[in-house]
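All values below were derived from every heavy atom in this structure, side-chain atoms included, with hydrogens, water molecules and symmetry-related copies excluded. Residue numbering restarts at 1 for every chain, and letters A, B, ... go by the order of the sequence lines.
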Number of protein chains: 2
Amino acid sequence: MTTNDTMELRIREVAQQLFFRQGYASTSTTQIAHEAGCTQALVHYYYRTKENLFRQIFLEQVEAALNVIGRSLCDTDSFEGFIEGAIGIYFDALKANPRLPYFVLEELVSNPERRRYLRENFVKKPTYIMFYMQFDALVRREQQAGRLAHVEPFDILMSIASQTVFTFLVLPLYQDLLARTDEQVNEFIAHRKQEITRMVIQGLKP
Amino acid sequence: MTTNDTMELRIREVAQQLFFRQGYASTSTTQIAHEAGCTQALVHYYYRTKENLFRQIFLEQVEAALNVIGRSLCDTDSFEGFIEGAIGIYFDALKANPRLPYFVLEELVSNPERRRYLRENFVKKPTYIMFYMQFDALVRREQQAGRLAHVEPFDILMSIASQTVFTFLVLPLYQDLLARTDEQVNEFIAHRKQEITRMVIQGLKP
DNA sequence: AGTGTGTTTAATAGGGCTATTAAACAAGTC
DNA sequence: GACTTGTTTAATAGCCCTATTAAACACACT
């Protein structure tokens, strides 16, 4: 599990797992230390405060998520190709990190302080502004060519984000309440990817 | 704010607000008591434990949510009419209670114990089984008449739920990060209701 | 006036949490 | 061997939390 064996990184990895699983409020530095195999004082020695340790992990994850979004604009020849490619990239990224959406959402919703992190660290970043401009251009081009219904680009993004993110948000419920095996969960994810792609493309026909 | 002025109910109302806003872990009985205007011992006098107080509120809210779903099957003459009616009912209910989806999701995802509540209290309930059977029949009827693409009923529900619920999950982010007024938020909600309805109907055309 | 019942508070036990501090430890350098 | 520097632990201060207990309070009934 531990890739780097220095205690400093080990603590961060363990902390990330625990924050992902339980959220900030329900995770204690004592627990982090215990699972990392050191004393709780060491956690504070390396990261000073729990909030500090959390912020590093949180911002790193948000950054990673934004990079995925940036990478999803690779194929802009045809609109259908783009939709298919983008949803594919999102699903691959989320499958590798299924807890990410819940983690980010939880902290952003339940703590206004965390939203300040975002504003201060990512509003300046041109990545997602460029993304939005490029996406906007693509949509309007297709609409003028009559190949796309006249829907606001923002609504298209909402539709994709809703359905993609929601799939992973409810994954623990799906698995637990419907008593699904890991394999069945994987099939479910693959199936949803196809269906969402189909729904979005069909839903945007003029 | 307080409809009934007995302290017992007052505590429950305050507790509900705080649980909705902060979640279980970040809300203390001390804080509940303080906002209700009594001592913390009184909270325990009426509800014995914090978990107990929480469970009452949680199950009540889940019950209310399931009732909304049950009510949404009123108009089954045309499929389009049903979609429009159902999404309308969901949006009305959620607008009156915008924190509900996040509250239920958070507790269900972060605490397996809460999922046991559901299994024990609602698996027996025939409400949503009846709902699913009736919905399934409606979908298959429309598909055989060639008016609907051959999509699994479950995927249709996922699509509706994703987009409806997601709208309210990200509402605090939308309002805060994009600096929207309450009025703009209301417009956003109304706009999303229309768009989701359109997308779902269009996305299910054969 | 006295009794009983339900409500509310003050006080507290007992525990966990964050953060700090001083001291022990390890390992390299002069 | 003494010194430095970075790592780790033990101990603890100070806080807040949950839950309990005993006592005060209010009010109806007789």
Side-chain angles (χ1 to χ4, degrees), chain A residues 1-60 103 106-107 110-114 116-117, chain B residues 1-60 103 106-107 110-114 116-117:
Chain A
M1 177 108 311
T2 318
T3 53
N4 192 317
D5 57 350
T6 81
M7 194 47 94
E8 182 173 5
L9 286 183
R10 204 178 144 65
I11 288 171
R12 187 147 109 194
E13 283 167 14
V14 167
Q16 184 176 139
Q17 284 174 33
L18 291 176
F19 284 144
F20 265 53
R21 210 183 308 148
Q22 307 168 340
Y24 180 83
S26 302
T27 303
S28 68
T29 52
T30 311
Q31 192 186 7
I32 294 170
H34 184 257
E35 300 231 346
C38 64
T39 24
Q40 168 260 358
L42 202 61
V43 177
H44 289 272
Y45 168 72
Y46 281 119
Y47 299 95
R48 278 188 45 78
T49 65
K50 178 184 164 188
E51 180 69 27
N52 208 27
L53 169 59
F54 176 85
R55 183 171 45 234
Q56 282 188 30
I57 292 169
F58 180 72
L59 290 178
E60 191 186 70
F103 171 70
E106 177 188 15
E107 300 299 336
S110 66
N111 195 337
E113 195 67 11
R114 305 284 149 75
R116 251 198 38 220
Y117 291 173
Chain B
M1 178 110 309
T2 317
T3 52
N4 193 316
D5 58 349
T6 81
M7 193 48 93
E8 182 173 3
L9 285 184
R10 203 176 145 66
I11 289 171
R12 186 148 109 194
E13 282 167 14
V14 167
Q16 183 172 230
Q17 283 174 32
L18 291 175
F19 284 145
F20 265 52
R21 209 183 307 149
Q22 308 169 338
Y24 180 83
S26 302
T27 304
S28 68
T29 52
T30 311
Q31 192 187 4
I32 294 170
H34 183 258
E35 300 233 345
C38 65
T39 21
Q40 168 260 359
L42 202 61
V43 177
H44 290 272
Y45 167 73
Y46 281 119
Y47 298 96
R48 277 189 45 79
T49 66
K50 179 184 164 188
E51 179 69 27
N52 208 26
L53 170 58
F54 177 84
R55 183 171 45 233
Q56 282 187 30
I57 292 169
F58 180 72
L59 290 179
E60 190 186 70
F103 171 70
E106 177 188 15
E107 300 299 336
S110 65
N111 196 336
E113 193 68 10
R114 304 284 149 75
R116 250 198 38 219
Y117 290 175

DNA chain C: A:Gln31 or B:Glu8, which has the more 5' nearest nucleotide? B:Glu8
Could you tell me, to 10°, how much the axis swings from one end of the helix from C:dA1-D:dT30 to C:dC30-D:dG1 to the other, five pairs per end? 20°
Using a heavy-atom cut-off of 4.0 Å to chain A, what are the terminal contacting nucleotides of DNA chain C, in 5' to 3' order? C:dC17 to C:dT20
Ring geometry between A:Phe20 and A:Phe103 (parallel below 30°, tilted from 30 to 60°, perpendicular above 60°): parallel
B:Thr29: what forms a side-chain contact (heavy atoms from CB on, under 4.5 Å) with it, not counting sequence neighbours? B:Gln40, B:Val43, B:His44, B:Lys50
A:Leu42 side chain near A:Tyr45 side chain, heavy-atom distance below 4.5 Å: yes
Atom CD of B:Gln22 and atom P of D:dC17: how far apart are they, to the nearest Å? 11 Å
The criterion is side-chain contact (heavy atoms from CB on, under 4.5 Å); which residues satisfy it with A:Glu8, sequence neighbours excluded? A:Thr6, A:Tyr46, A:Tyr47
Report the distance from atom CZ of B:Arg48 to atom CG of B:Leu53, rounding to the nearest 0.5 Å. 13.0 Å
May I have the step-by-step check of side chain to side chain contact (heavy atoms under 4.5 Å, CB included) for B:Asn52 and B:Arg55, ending in yes or no? CA-CA 5 Å; B:Asn52 208 26; B:Arg55 183 171 45 233; 2.8 Å; yes
So what does A:Thr30 hit on the nucleic acid, given a heavy-atom distance under 4.0 Å: a base, only sugar-phosphate, or nothing? base
With the threshold set at 4.0 Å, does a side-chain nitrogen-carboxylate oxygen contact exist between A:Glu51 and A:Arg114? yes
Return the set of residues passing side-chain contact (heavy atoms from CB on, under 4.5 Å) with B:Thr27 (not counting sequence neighbours), or none when no residue passes. B:Leu18, B:Phe19, B:Gln22, B:Gln31, B:Ile32
For the residue pair A:Tyr117 and A:Glu107, establish whether any side-chain heavy-atom pair is separated by less than 4.5 Å. no
Go through A:Arg10 and A:Met7 one step at a time and tell me if the side chain to side chain contact (heavy atoms under 4.5 Å, CB included) criterion holds. CA-CA 5 Å; A:Arg10 204 178 144 65; A:Met7 194 47 94; 4.0 Å; yes
By a strict heavy-atom criterion of less than 4.0 Å, which residues belonging to residues 32-52 of chain B are in contact with DNA chain D? B:Gln40, B:Ala41, B:His44, B:Thr49, B:Lys50
